[in-house]
Amino acid sequence: MAQEDVFKKIVAHCKEYGFVFPSSDIYDGLGAVYDYGQMGVELKNNIKQYWWQSMVLLHDNIVGIDSSIFMHPTIWKASGHVDAFNDPLIDNRDSKKRYRADVLIEDQIAKYDEKIQKEVEKARKRFGDSFDEAQYLATSKNVLEHAAKRDELHERYKKAMNDGNLEELRQIILDEGIVCPISGTKNWTDVRQFNLMFSTEMGSTSDGSMKVYLRPETAQGIFVNYLNVQKTGRMKLPFGIAQIGKAFRNEIVARQFIFRMREFEQMEMQFFIKPGTDMDWFKQWKATRLKWHLALGFGEQNYRYHDHEKLAHYAAAATDIEFLMPFGFKEVEGIHSRTNWDLSQHEKYSGKSIKYFDPESGESFTPHVIETSIGVDRMFLSVMCASYEEQQLENGETRTVLHLPAALAPVKLGILPLVKKDGLPELARQIQNDLKFHFNCQYDEKDTIGKRYRRQDAIGTPYCITVDYQSLEDGTVTLRNRDTMEQERVAIKELNNIIADKVTITSLLKTL
């Protein structure tokens, strides 16, 4: 099945089983805005808890805050967002559709990689077990031609982005013959910059109102509060401040479901350090954050680092952790060395000293910062994509199953009475009432036991118990594993110990 078709099925599955709905669905939706349903909000909350506890619980020098969405507008002038938070946009005159010029070119670069991969797959089929991929990549005429075109395009694109050369971006699009996906034509306008911030008015009257912005990132709320946290918490360098919160960007080209949205949620941690220790901490946090992702068990082959060639105005180094989505490797987290740029800017624009006093050296200085920033919604999407499977069973049937990490699964235990009579529902409800204080359980007595198993598989429930007539006799139930579908008899009184050890966030944190 083509990856595009797989992705469509994942999107449909999200709606059918209560994970993600289009926002304002009865009004035909609102572009690039989504609501999380009853299953989605549980999964999302578990992702946030996994991140929060891995930061705040496991590090005694990292604390959390919750800053406001509205902030003084000068903050965004100081941070550079008013002047520099732009995307290069281009319109197709025939379709009247607007695109990001950089995304069009990056997609073209990816097409050269796809051509190389197709050549490799053809050769692999032709040569079989004797195929040497490394040698083929180094010697194949077709591969070398594709690679040369890709590298030439990549260098040209990198220079244009670093120089801010909008005319060159348009010329690249024309030279590469990139067409509008809708009209199929190359009738492009000039490239121009578009600021991504939402603005509104704050104040009771038009004369007394002030223009404010919905924050485009959560980081600035940490920076303007860092000295408050440091002093009240008696924090010594190095220390970190973590925050989870909503951010807003007026994305013109919002696409790929919840991957790129106008209202989204971020999990960010700013780590304040002594100047001169930047690269050591940058490398350490790169490794720490990748380990956090790998602990979910989706396989190392699905992750990679991507070092930024065009650095943001504040950055000395930047790396993305990318995950293999059905539409290619895409960024889920960024690790950035922000130097002291942000704090210095806020000191300049506010006119107030926010330097850190080092009691050991007796010096005052502006700390440098290492940032880790992860999109909750992108993380959610990567978990769904990695977990979704349509499985062919030995009996010829198929089942759709979400192999969600047990600690993240919305429902931990499905409780299923074999029949709706003879005291089985009552015992099942009693078990639910005992276990619901420890983890999320779902009671289900409708349809055959097989259909109920399939429903729990589809929402990613790692374990199901079946209460049957033997349960009334000896106090045991059947415990079924979602992934293997194997069943075993276990004592009802042991259920909490058996399951809690496997499904809590704590069990996941212990692997870090």
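- The aromatic rings of Phe248 and Phe198 sit perpendicular to each other, their planes meeting at more than 60°, with 30° as the lower class boundary.
- Under a cutoff of 6.0 Å and an axis angle of 45°, Lys412 and Tyr463 do not form a cation-pi pair.
- A donor-acceptor pair is defined here as one N or O able to donate and one able to accept, closer than 3.5 Å; no such pair exists between the side chain of Tyr388 and the backbone of Thr400.
- Between Arg338 and Glu371, at least one side-chain N (NZ, or NE/NH1/NH2) sits under 4.0 Å from a carboxylate O, which counts as a salt bridge.
- Trp292 carries Arg289 over the face of its six-membered ring, with the cationic atom under 6.0 Å from the centre and within 45° of the normal.
- A heavy-atom distance below 4.5 Å is not found between the side chains of Ser199 and Val212.
- A donor and an acceptor atom, one from each side chain of Glu331 and His306, are nowhere located under 3.5 Å apart.
- Val179 and Trp188 get closest at one heavy-atom pair: C-CZ2, 3.7 Å.
- The two residues Ile505 and Asn46 have their closest heavy-atom pair at CD1-O, 3.7 Å.
- Considering only heavy atoms from C-beta on, Ile182 stays 4.5 Å or farther from Asn92 through its side chain.
- Counting only N and O atoms by type, the side chains of Gln243 and Ser67 include a donor and acceptor under 3.5 Å apart.
- A salt bridge links Asp113 with Arg150: at least one charged nitrogen is closer than 4.0 Å to a carboxylate oxygen.
- Contact annotation: the side chain of Leu381 approaches that of Met325 to within less than 4.5 Å [non-hydrogen atoms, C-beta and beyond].
- Here CG of Leu43 is found 11.0 Å from NZ of Lys48. Values are rounded to the nearest 0.5 Å.
- Annotation for Gly460 and Leu404: closest pair CA-CD1, 4.0 Å, computed over non-hydrogen atoms.
- Interatomic distance, Gln108 CD to Ile178 CD1, rounded to the nearest 0.5 Å: 4.5 Å.
- A cation-pi arrangement is not found for Arg124 relative to Phe131, the charged atom failing to lie both closer than 6.0 Å to the ring centre and inside a 45° cone about the ring normal.
- The OG atom of Ser23 sits 6.0 Å away from the CG atom of Leu30 when rounded to the nearest 0.5 Å.
- Salt bridge status for Glu168 with Arg156: present, with a side-chain N to carboxylate O gap under 4.0 Å.
- Arg399 and Glu390 are not joined by a salt bridge, as no carboxylate oxygen comes within less than 4.0 angstrom of a charged side-chain nitrogen.
- The neighbour count for Glu145 CD, taken as heavy atoms of other residues, nucleotides or ligands under 6.0 Å away, is above 12.
- Classified by interplanar angle (parallel below 30°, tilted 30° to 60°, perpendicular above 60°), the ring pair Tyr303/His293 is tilted.
- Taking the side chain as every heavy atom from C-beta outward, Ile75 and Val224 approach each other to under 4.5 Å.
- For the side-chain hydrogen bond (donor to acceptor under 3.5 Å, both in side chains) criterion with Gln117, the lone passing option out of Glu114, Glu119, Glu121 is Glu121.
- Looking only at distances, a side-chain donor or acceptor of Asn195 sits under 3.5 Å from a matching main-chain atom of His81.
- Side chain of Ser140 to backbone of Tyr136: no donor-acceptor contact under 3.5 angstrom is found.
- Counted within 6.0 Å of NZ on Lys111, heavy atoms from surrounding residues, nucleotides or ligands total 12 or fewer; the atom is thus considered open.
- When ring centroids are compared, Phe329 and Phe323 stay outside the 6.0 Å threshold.
- Heavy atoms of other residues, nucleotides or ligands lying less than 6.0 angstrom from CD of Gln392 number more than 12.
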Review point. Stepwise, does the salt bridge (Lys or Arg N to Asp or Glu O under 4.0 Å) test hold for Asp320 with Arg304?
Key: CA-CA 8 Å; Asp320 292 336; Arg304 71 181 186 189; over 6 Å; no

Point to revise | Pair Phe223-Gln220, side chain to side chain contact (heavy atoms under 4.5 Å, CB included): steps then yes or no | key: CA-CA 5 Å; Phe223 294 134; Gln220 300 305 320; 3.6 Å; yes

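- Salt-bridge annotation for Arg170 and Asp175: absent, with no side-chain N of the basic residue lying under 4.0 Å from a carboxylate O of the acidic one.
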Review point. Would Tyr157 and Glu176 satisfy side-chain hydrogen bond (donor to acceptor under 3.5 Å, both in side chains), going step by step from the backbone distance to the final call?
Key: CA-CA 11 Å; Tyr157 166 64; Glu176 287 292 321; over 6 Å; no

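- Donor-acceptor pairing under 3.5 Å is recorded for the side chains of Asp377 and Tyr36.
- Two residues are said to be in side-chain contact when any heavy atoms from C-beta on lie closer than 4.5 Å; Arg249 and Glu263 fail this criterion.
- Of the residues Phe21, Phe257, Phe380, Phe19, the one that meets the ring pair (Phe, Tyr, Trp, His ring centres under 6.0 Å) test with Tyr34 is Phe257.
- Residues Ile374 and Gln266 are not in side-chain contact: their nearest non-hydrogen atoms beyond the backbone lie 4.5 Å or more apart.
- A salt bridge links Glu265 with Lys44: at least one charged nitrogen is closer than 4.0 Å to a carboxylate oxygen.
- In this structure, Trp341 has its ring center no closer than 6.0 Å to that of His336.
- Side-chain atoms of Asn61 come within 3.5 Å of backbone atoms of Pro238 as a donor-acceptor pair (strictly under, hydrogens ignored).
- The shortest side-chain heavy-atom distance between Gln270 and Glu268 falls under the 4.5 Å cut-off.
- A salt bridge links Lys158 to Glu155: at least one charged side-chain nitrogen sits closer than 4.0 Å to a carboxylate oxygen.
- A salt bridge links Arg98 with Asp91: the distance from a Lys NZ or Arg NE/NH1/NH2 to an Asp or Glu carboxylate oxygen falls below 4.0 Å.
- Under the 30°/60° scheme for interplanar angles, the aromatic rings of Phe272 and Tyr226 are found to lie parallel.
- For the pair Leu166/Asp190, no side-chain contact is recorded, criterion being any heavy-atom separation below 4.5 Å from C-beta on.
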